[in-house]
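Structure record follows, encoded as structure tokens.
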Amino acid sequence: MPFKLKFLSLAIALACCGSAAAQEVVTIGHVGPISGVNAHLGKDNENGARMAIEDLNAKGFKINGKVVKFVLMAEDDAADPKQGTAAAQKLVDAKVNGVIGHLNSGTTVPASKIYFDAGIPQISPSATTPQYTRQKFNTAFRVVANDNKLGSTLGRYAVEQLQAKNIAVIDDRTAYGQGVADEFIKGAKAKFPGVHIVGKDFTSANATDFNAILTKIKGKNPDLIFFGGIDAVAGPMLRQIKALGITAKFMGGDGVCTESMPRLAGDGIGEGLVTCAEAGGVMAGNQKALDDFDARYKKKYGVDVQIYAPYTYDAVMTMATAMQNAKSAAPARYLPELAKVRYQGITGLIAFDGNGDIKDGALTLFTFKGGKKTKLEVVN
């Protein structure tokens with residue numbers, strides 16, 4: 001055979017072998033606020049997703065008997081619905097295999113329609129509004145309890161355990177803040193007709209001055225103030241509550257249940273003054289796994305877990321498990337497996353009901369003592 005023909009045959013053979021050996025790339029999208037007042041929470045979630053991707057690649061995760069390479073495509077939605085839908089469309093156009101996110105309810109809900117229309121599975125590790133799964137999109141899942149459970153549990157706890165009878169409620173007008181505040185009121189009043197909601201006020205997600213609202217509330221002498229919103233607003237609010245001499249206890253949902261709250265609230269955080277809840281809970285049997293994750297996270301990133309990094313990690317792992325069960329990373333192929341998956345994660349067993357909500361979602365109640373977030377109890 002002439003030399004040129006031999007060379008051409010060798011090149012073709014090498015190309016064929018290289019193509020056959022090419023590793024499949026599985027792209028997972030992640031969306032959260034990496035800018036704005038929610039940035040520390042969005043980065044927390046993104047870090048959790050990155051840890052999962054790195055762990056999957058390190059152990060040579062296989063789909064249909066072949067090792068695949070996972071890649072994270074991370075986008076910033078700045079907790080803004082318009083930017084959130086733009087980020088969602090970018091992931092769809094990139095033909096990602098699945099999406100983990102968004103962080104906030106206000107961005108998760110509008111983005112979910114885009115993923116549904118494209119047939120791309122989405123798992124939110126932190127959006128709690130019931131509306132997300134009530135849309136009946138078969139692509140929408142979450143790994144934490146929703147606001148119905150979060151708000152109502154806090155409402156009952158406020159009355160039963162904290163003995164609150166006169167309660168003032170403030171929310172930040174976001175989908176999350178309004179939703180959890182409304183559910184809190186329902187929970188507080190459901191079995192306790194003697195409870196009085198002495199005021200229902202609202203602010204914004206970017207506000208820093210609450211003196212007018214708090215002065216009005218002070219005149220009503222509440223036992224407890226409930227705030228539906230995030231830590232970046234709750235922190236300055238607590239500082240001003242203390243400055244005004246208001247002695248009421250303070251309560252909020254997962255948005256205020258962060259490691260950053262003592263720094264944001266300063267001496268307004270008090271000792272056991274604040275009660276909050278995470279929309280997730282780890283029972284005793286899973287505590288070591290969670291502690292190990294927290295230690296790995298801090299060693300890698302140099303900061304403590306804020307809230308939902310472990311749930312984001314588990315969301316990625318749950319999606320990968322569904323792909324493995326389906327023997328395919330194609331969205332249409334693994335979506336049915338995701339709906340019936342059972343994955344034992346670091347946060348507990350993950351399985352979904354017919355709406356895409358986590359089954360038997362737990363909550364963890366916390367307070368703050370000595371400038372540290374301190375667990376009170378886990379409730380189902």
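Residue numbers count from 1 along this sequence.
- Residues Leu335 and Pro121 meet the side-chain proximity criterion, which asks for heavy atoms closer than 4.5 Å.
- Side chains of Thr174 and Asp172: a donor on one and an acceptor on the other come within 3.5 Å.
- Within a 6.0 Å radius of NZ in Lys288, other residues, nucleotides and ligands contribute 12 heavy atoms or fewer.
- Ion pair Lys216/Asp201 flagged as a salt bridge, since at least one NZ, NE, NH1 or NH2 atom sits closer than 4.0 Å to an Asp/Glu carboxylate oxygen.
- Using a 4.5 Å heavy-atom threshold, the side chains of Tyr308 and Leu41 count as separate.
- A heavy-atom distance below 4.5 Å is found between the side chains of Asp171 and Lys200.
- Partners of Asp55 by salt bridge (Lys or Arg N to Asp or Glu O under 4.0 Å), not counting sequence neighbours, listed by chain and number: Arg296.
- Residues Lys242 and Asp267 have side chains in contact (heavy-atom distance under 4.5 Å, counting atoms from C-beta outward).
- Between the CG atom in Asn38 and the CG atom in Asn104 there is a gap of 5.0 Å [rounded to 0.5 Å].
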Report task. Kindly indicate, with the supporting measurements, whether the criterion side chain to side chain contact (heavy atoms under 4.5 Å, CB included) is fulfilled by His196 and Lys165. Result -> CA-CA 6 Å; His196 299 288; Lys165 291 185 172 61; 5.8 Å; no
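- Here the closest heavy-atom approach between residue Ala111 and residue Thr85 is recorded as N-CG2, 4.2 Å.
- Of all non-hydrogen atoms in Phe366 and Cys257, the two that sit nearest each other are CD1-SG, 3.6 Å.
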Requested in this report: Start with the C-alpha distance between Lys66 and Glu24, add both sets of side-chain angles, then the distance that settles salt bridge (charged side-chain N to carboxylate O under 4.0 Å, His left out), and finish with yes or no.
Outcome: CA-CA 8 Å; Lys66 297 179 181 178; Glu24 181 183 358; over 6 Å; no
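- Note that the OH atom of Tyr334 and the OG1 atom of Thr321 stand 11.5 Å from one another [nearest 0.5 Å].
- To the nearest 0.5 Å, atoms CG (Asp77) and NE2 (His30) are separated by 9.0 Å.
- Leu264 and Ile241 are not part of a single hydrophobic cluster, where members link through side-chain heavy atoms under 4.5 Å apart.
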Anything under 3.5 Å between a donor and an acceptor, one on a side chain of residues 338-352, the other on a protein residue two or more places apart or in another chain? List them.
residue, atom, partner, partner atom, Å
Thr347, OG1, Asp314, OD2, 2.6

Query raised in the report: How far apart are the C-alpha atoms of Ser112 and Phe137, what are their side-chain angles, what is the distance that settles it, and do they pass the side chain to side chain contact (heavy atoms under 4.5 Å, CB included) test?
Result: CA-CA 8 Å; Ser112 65; Phe137 295 160; 3.7 Å; yes
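- Under a cut-off of 6.0 angstrom, the local environment of NZ in Lys69 is sparse, with at most 12 non-hydrogen atoms contributed by other residues, nucleotides or ligands.
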Report task. Report the C-alpha separation of Thr133 and Arg142 in whole Å, then their side-chain angles, then the decisive distance to 0.1 Å, and conclude whether the side-chain hydrogen bond (donor to acceptor under 3.5 Å, both in side chains) test is met. Result -> CA-CA 8 Å; Thr133 50; Arg142 71 171 127 222; 3.1 Å; yes
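- Tyr157 pairs in a side chain to side chain contact (heavy atoms under 4.5 Å, CB included) with only one of the listed residues (Leu363, Val379, Leu376), which is Leu376.
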Report task. Start with the C-alpha distance between Lys298 and Asp304, add both sets of side-chain angles, then the distance that settles salt bridge (charged side-chain N to carboxylate O under 4.0 Å, His left out), and finish with yes or no. Result -> CA-CA 5 Å; Lys298 186 162 187 176; Asp304 289 320; 3.3 Å; yes
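- Checked by atom type, the side-chain pair Ser35/Asp76 shows a donor-acceptor distance below 3.5 Å.
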Report task. Starting from the C-alpha separation in whole Å, work towards a yes-or-no answer on side-chain hydrogen bond (donor to acceptor under 3.5 Å, both in side chains) for Asp254 and Tyr176. Result -> CA-CA 10 Å; Asp254 50 341; Tyr176 163 71; 2.6 Å; yes
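- Judged purely by distance below 3.5 Å, without hydrogens or angles, the side chains of Asn221 and Asn166 never pair a donor atom with an acceptor atom.
- With a 6.0 Å radius and a threshold of 12 heavy atoms from other residues, nucleotides or ligands, Phe202 has its CZ atom at or below the threshold.
- Residues Pro336 and Ala332 come closest through the heavy atom pair CD-O, 3.5 Å.
- Looking only at distances, a side-chain donor or acceptor of Asp80 sits under 3.5 Å from a matching main-chain atom of Gln83.
- In this structure, a donor-acceptor pair under 3.5 Å is present between the side chains of Asp93 and Gln89.
- Looking at Asn57, its side chain never comes within 3.5 Å of a backbone N or O of Lys59 through a donor-acceptor pair.
- Between Val67 and Gly60, the shortest heavy-atom contact is CG2-O, 3.7 Å.
- By the 4.5 Å heavy-atom criterion applied to side chains, Met317 and Leu56 are counted as neighbours.
- The side-chain heavy atoms of Lys249 and Val274, taken from C-beta on, include no pair separated by under 4.5 Å.
- Residues Tyr115 and Val92 are in side-chain contact: their nearest non-hydrogen atoms beyond the backbone lie under 4.5 Å apart.
- Contact detail for Val144 and Ala127: the closest heavy-atom pair is CG2-O, 4.3 Å.
- Closest heavy-atom contact between Ala234 and Val256: CB-CG1, 3.5 Å.
- Linking Ile, Leu, Val, Met, Phe, Trp and Tyr residues whenever their side-chain heavy atoms come within less than 4.5 Å leaves Val31 and Val316 in two separate clusters.
- Note that CZ of Phe227 is 13.0 Å distant from SG of Cys276, once rounded to the nearest 0.5 Å.
- No donor-acceptor pair under 3.5 Å is formed between the side chain of Asp147 and the backbone N or O of Leu150.
- One hydrophobic cluster, built from ILVMFWY side chains closer than 4.5 Å, holds both Leu214 and Val233.
- Between Lys300 and Glu54, at least one side-chain nitrogen of the basic residue sits less than 4.0 Å from a carboxylate oxygen of the acidic one, meeting the salt-bridge criterion.
- Using a 4.0 Å cut-off between a side-chain N of Lys or Arg and a carboxylate O of Asp or Glu, Arg50 and Glu46 qualify as a salt bridge.
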Query raised in the report: Does the pair Thr153 and Arg156 meet the rule for a side chain to side chain contact (heavy atoms under 4.5 Å, CB included), with working shown?
Result: CA-CA 5 Å; Thr153 299; Arg156 291 194 302 273; 3.5 Å; yes
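- Follow the hydrophobic side-chain contacts under 4.5 Å out from Ile100 and you never reach Leu91; the two are in separate clusters.
- Rounded to the nearest 0.5 Å, atoms CE (Met237) and CD1 (Ile246) are 10.0 Å apart.
- Looking only at atom types and distance, the side chain of Asn45 has no donor-acceptor partner in the side chain of His102 under 3.5 Å away.
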**Report entry** Verdict with reasoning, Met323 to Phe70, per side chain to side chain contact (heavy atoms under 4.5 Å, CB included)
**Finding:** CA-CA 12 Å; Met323 293 174 179; Phe70 284 87; 4.2 Å; yes
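- For the side-chain hydrogen bond (donor to acceptor under 3.5 Å, both in side chains) with Asn355, the qualifying choice from Lys136, Arg134, Gln135 is Lys136, the only one to do so.
- With a 4.5 Å cut-off on side-chain heavy atoms, Val37 and Ile230 count as touching.
- Using the six-membered ring where Trp is involved, Phe293 and Tyr297 have ring planes that are tilted, between 30° and 60° apart.
- Between Glu278 and Lys373 there is a salt bridge, with a side-chain nitrogen of the basic residue lying less than 4.0 Å from a carboxylate oxygen of the acidic one.
- Heavy-atom neighbours of Lys375 NZ from other residues, nucleotides or ligands within 6.0 Å: above the threshold of 12.
- In this structure, Asp360 places its CG atom where only 12 or fewer heavy-atom neighbours from other residues, nucleotides or ligands lie under 6.0 Å away.
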